[in-house]
Structure formats: structure tokens, C-alpha cells
Engineer: 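Here it is, the structure, as C-alpha cells.
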2 protein chains.
Amino acid sequence: MHESLKSSLAGKIKLSDEQWTFVFSLFKPKTTKRNELLLEKGKVSQYLLFVVKGCLRVFLIDDNGNESTRFLIFEGRFGTAFPSFTLRQPSAAAIQSIEASEILMISYHDYQTLLDIVPGWERMTRIGLEMDYIDSIVRIESLISMDAKQRYNILMEKNPKLIQRLPNKIVADYLGISQETLSRLKSSTQVRKSASPEDGKR
Amino acid sequence: MHESLKSSLAGKIKLSDEQWTFVFSLFKPKTTKRNELLLEKGKVSQYLLFVVKGCLRVFLIDDNGNESTRFLIFEGRFGTAFPSFTLRQPSAAAIQSIEASEILMISYHDYQTLLDIVPGWERMTRIGLEMDYIDSIVRIESLISMDAKQRYNILMEKNPKLIQRLPNKIVADYLGISQETLSRLKSSTQVRKSASPEDGKR
DNA sequence: TGCTTTTATTGACTTTTGTCAACGTCATTG
DNA sequence: CAATGACGTTGACAAAAGTCAATAAAAGCA
């Protein structure tokens, strides 16, 4: 299970066998059921998570029960309720495993240890943060400058797997739109399946 | 002018006089006029900018001429077209100084030098990135889970200076809404100035 | 200062998206 | 295999926000 972590990091940091062993010792494995809650809203996120298999979502839920998906975390990626984990504050968001998943968890304390004592870990983290930050900037741009249809088309282009793999409900609140709107977008965008390659008459 | 940079960083990193001198040597001062363009869309952002005085905005402009403000950078803060600067790619966004400003500029190359040779610089950068990333996550949340009025109220609460200081036009496209909608929000939110403290009758 | 240009407000109307409700489909399971 | 429940689609309507246009106000500039 730790092999997945190693292959994910291998291109980004060079460690000795002893160092890998040490790193692995801090990441605790866990398996989750479908829909299992990993972090409740209001609690401090104590762990950074690495997804070996499956998929997690970090989401908000307002007073009316409306959910908004802040992030999705797929295989080979790290994630947590980042503001809570970083600032040691109660989380506005909850974390749930959408599918039965295998994950590795490292505590805040142990993560600081890695930053302090593993040469190159801080650099790797800095570069990883840059990439995550860029992703979030791109997402902000799409939210402030595009309508729902454009956002959907771009997601379709850049990440069709996400759309195929996840229930509509979750894709919709990731895009910041209602489920019904997404459903309508899909049917209006869709190439008509029934039309034959050559067209009727000939 | 470099003193402003020093006081901004002083709490975050400890450097010797020689190190400060070296850092200062890499940040080149520049003064800008109101509305001066600092980076054109399509060019690679070569500099990280530090605002000593004034205000910059990083903004997108679509084919119809609609502008969206990705970020605002005030006194004492760093900023650039981050994805472009980091990935060395043509920028989707442009940078403009909203007010006549004094800034310090450091090139990509020199910034990498600081990361490589100044002890503690990478850590400071990593922590700064965490904070910027958190800000962007909070902004994403507000965009996917709130309507225009809620977003405006929160901005009003958290950053009233921004609303007072900047033209409506820019506040509006920072919020991802039209100028007219912002104008209506303002007048509907506003406490009626004409109403007397006690009410009419009595 | 007075003139010009930009910015802000308001009204009327359109478009987009949300909400509520009904219904269909599919998978699960008792 | 029928019943249940979750998910997806569709329609009708409501609410939110955008667009266009006219005007007012303010800010910058000569």
C-alpha cells in the first residue's frame, strides 16, 4: 500500500531506503466504506490524506442542507480540509469517501516532522502547493468569468473521467450549479446518439 | 523603499545585515502610473512583484471585453500572474496598477536563487503559499455556495477598505458580478441614511 | 476652474439558473 | 421478484443576475 505513495513521490524527491522506511512509518493505512465520513464539519482536521485507491470529497453543507464540493481527491493525490489542517482551526468543510477507498493518513505533527528533518521534503511540499494553488486559481477564474455551460464544457474537456465516474449530484455541486441545471446542460450539449453516421436521406 | 519589504518580512524570517543587503539587491524598484499595464496577456510573467505603495490588479479579459479581476494586491503584499510566473507559460491574465504605485520586482531567476541559497527563504515561501492557497479556497467556497449578495456582505465585513478604495467596476468583477448588480446590492443593503434615529410618529 | 471622460445609478427587459414537483430508471436487497 | 430508495430527467414557474440604454455624478485633466 505504501508502494503507491512511493511511486507518486518518486519523481519529486530522492530518498534512501532508510528514509522511505521512516516516511512510510508515519503514514497509517486505512480502508473506508462508501460514503464513510472521515472528517466532521466543526472538528479540526488532524490528518493529511493520501488516496491509494478510491475517491474522497471535501464539501460544505449549509443550513438548508445544500452541499458544495470544495475539492475531489482521486488516486495518487494528497488532500485534507486544508485551511483547518494548516491553521489548526475547526473545519468549515467535511470529508467523505465517495467510494470504498484505501488511504494513508499522516498526522499534522508527523507532517511537520517530515518538513523539519527530511531533506527535500519542504521543497517538494512547496512545489506541490504551487501546483494546487494554480489549480485553485484556474477554478476561481472559471467561476468568475464563465457561465455554467462553459464550466461544464471545460470540465468535460479537461477531466471527462471525473464526469463519468461520479454521480451527477456531486459533479453539479463541484461546478457550483444545481443537479437539474447539470442534467439540462448534459442533454443540450450531447451529440444526438440516435442520428446515423450518414444522414437520413442520403 | 526596501525598508517596506524588510518590515513585511521581518516577522517571517531572520536574516543578517549582509543577507538583507543581498536580498535587497535582487528587488528592483519601479514606480508606476495610474492604469499602467505591467504585464500583457499572452506574455510570460517574468517578475514577482511586491507592492510598497498603491494597488495592483491581476485580471482576465475575454473576447467580448469583459474583465474579471483574479486578484488584488495591496501594500505590503506579493503578487504576480502566478500560473504564468511559476510554470513559465504565457499568461491568461494581465496586470495593471490601479493607482500610481511603488513596487519592487524580482525576476524568476533571482527568486529561484533566493530559494536555493537563503536559509529559511523556502520555508517562508511555503508558509506564504499556504496562506495564499487558503485565501483562494475561501474564495472558491464563496463562489460555489453563495449568491452575489452574500458574497458582497462578506467582503463588506472582512475587507471594507477594499470596497471603499476601489471603483465599483473593479469590486464588481472581483466578486464575479456585473457593475449594475453591485450597484443594486449596495443600495438595497445600505442603511437608509435619511431615516431619523427615532421613528417618524412619536 | 471648467471641461471632458469615466464611473455610478436606475429602469425595462432578457437570459440564466434555481426550486419544486412529478415521474422514470436502475440497483439493491429483504 | 417485488419493494424500496437513490439518482436522473423533465416541466412549470420563480428568483437571480445580466444586458442595454438613458441619465446623473464624480473624477481627472487642461
Side-chain angles (χ1 to χ4, degrees), chain A residues 33-36 55 57 59-69 96-100 142-153 155-156 162-190 192-194, chain B residues 32-36 54-55 57 59-69 96-101 142-156 162-190 192-194:
Chain A
K33 293 181 209 140
R34 194 174 123 84
N35 290 334
E36 183 172 337
C55 175
R57 72 169 178 144
F59 67 105
L60 302 167
I61 180 160
D62 73 12
D63 305 335
N64 302 323
N66 294 315
E67 297 183 355
S68 316
T69 295
Q96 184 186 39
S97 77
I98 299 180
E99 308 170 354
S142 76
L143 290 167
I144 59 178
S145 68
M146 297 175 189
D147 63 19
K149 177 151 208 166
Q150 290 174 295
R151 296 206 296 278
Y152 172 75
N153 287 341
L155 186 62
M156 193 64 173
L162 189 151
I163 294 176
Q164 291 152 17
R165 179 169 172 179
L166 299 178
N168 252 355
K169 196 179 153 72
I170 289 173
V171 175
D173 67 51
Y174 178 73
L175 288 168
I177 61 179
S178 72
Q179 195 184 157
E180 293 93 333
T181 297
L182 176 59
S183 177
R184 289 184 241 266
L185 286 178
K186 278 188 164 181
S187 56
S188 75
T189 301
Q190 206 170 78
R192 217 153 315 291
K193 287 176 213 149
S194 48
Chain B
T32 72
K33 294 181 208 141
R34 193 176 121 81
N35 288 335
E36 184 172 336
C55 175
R57 72 168 177 143
F59 67 105
L60 302 167
I61 180 160
D62 73 12
D63 305 335
N64 303 324
N66 295 315
E67 296 182 357
S68 316
T69 295
Q96 184 185 41
S97 76
I98 299 181
E99 308 171 352
S101 304
S142 76
L143 289 167
I144 59 178
S145 68
M146 299 175 188
D147 64 19
K149 178 151 207 165
Q150 289 174 295
R151 296 206 295 279
Y152 172 74
N153 287 343
I154 285 182
L155 186 63
M156 194 65 172
L162 189 153
I163 293 176
Q164 291 152 18
R165 179 169 172 179
L166 298 178
N168 252 354
K169 196 181 152 71
I170 288 173
V171 175
D173 66 53
Y174 178 73
L175 287 169
I177 61 179
S178 72
Q179 194 183 154
E180 292 93 332
T181 297
L182 176 59
S183 178
R184 289 184 240 264
L185 287 178
K186 277 188 164 181
S187 55
S188 77
T189 302
Q190 207 170 78
R192 218 153 313 293
K193 287 175 211 153
S194 49

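The chains referred to below are lettered A, B, ... by the order of the sequence lines, with proteins before strands, and numbering in each begins at 1.
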Engineer: Could you give the CD1-to-P distance, from A:Ile163 to D:dG8, as a whole number of Å?
Structural biologist: 13 Å

Engineer: Using a cut-off of less than 4.0 Å, is there contact between a side-chain N or O of A:Thr181 and OP1 or OP2 of C:dT17?
Structural biologist: no

Engineer: Which residue, B:Arg34 or B:Asp147, contacts DNA chain D at a nucleotide closer to its 5' end, judged by nearest heavy atom?
Structural biologist: B:Asp147

Engineer: Could you tell me whether the side chains of B:Ser145 and A:Ser68 share a donor-acceptor contact shorter than 3.5 Å?
Structural biologist: no

Engineer: Is A:Arg184 side chain donor-acceptor paired with the C:dT19 base, going by distance under 3.5 Å alone?
Structural biologist: yes

Engineer: Give the nucleotide from the list D:dG8, C:dT17, C:dT19 with an atom nearest to the side chain of A:Ala148.
Structural biologist: C:dT17

Engineer: Check B:Arg165 against B:Cys55 and note the closest heavy-atom contact, atom names and distance.
Structural biologist: NH2-CB, 3.9 Å

Engineer: D:dC7 C1' sits how many Å from A:Glu67 CD, rounded?
Structural biologist: 14 Å

Engineer: Rounded to whole angstrom units, what separation is found between the NZ atom of A:Lys186 and the P atom of D:dC7?
Structural biologist: 13 Å

Engineer: How close or far is atom P of D:dG18 from atom CG of B:Leu175, stated in whole angstroms?
Structural biologist: 10 Å

Engineer: Among A:Asn66, A:Thr69, A:Asn168, which residue meets the side chain to side chain donor-acceptor pair (under 3.5 Å) test with A:Asp173?
Structural biologist: A:Thr69

Engineer: Choosing from D:dT19, C:dA8, D:dC7, which nucleotide comes nearest the side chain of B:Lys169?
Structural biologist: C:dA8

Engineer: What is the distance from CE of A:Met146 to P of C:dT16, rounded to the nearest Å?
Structural biologist: 16 Å

Engineer: Less than 4.0 angstrom between a side-chain N/O of A:Gln179 and OP1 or OP2 of D:dG8, yes or no?
Structural biologist: yes

Engineer: Please tell me if B:Ser187 has a side-chain N or O lying less than 4.0 Å from either OP1 or OP2 of C:dT9.
Structural biologist: no

Engineer: With heavy-atom distances below 4.5 Å as the criterion, would you say the side chains of A:Arg57 and A:Leu166 are in contact?
Structural biologist: no

Engineer: I need the CG-P distance between B:Asn168 and D:dG18, as an integer number of Å.
Structural biologist: 14 Å

Engineer: Distance check needed: D:dA17 P versus A:Ile177 CD1, whole Å only.
Structural biologist: 16 Å

Engineer: With sugar-phosphate meaning primed atoms plus P, OP1 and OP2, does B:Leu182 contact a base, only sugar-phosphate, or nothing at under 4.0 Å between heavy atoms?
Structural biologist: nothing

Engineer: Taking B:Ser101 for its side chain and B:Thr32 for its backbone only, find out whether a donor-acceptor pair lies under 3.5 Å.
Structural biologist: no

Engineer: Given atom CD of A:Glu180 and atom P of D:dA6, what is their separation to the nearest angstrom?
Structural biologist: 17 Å

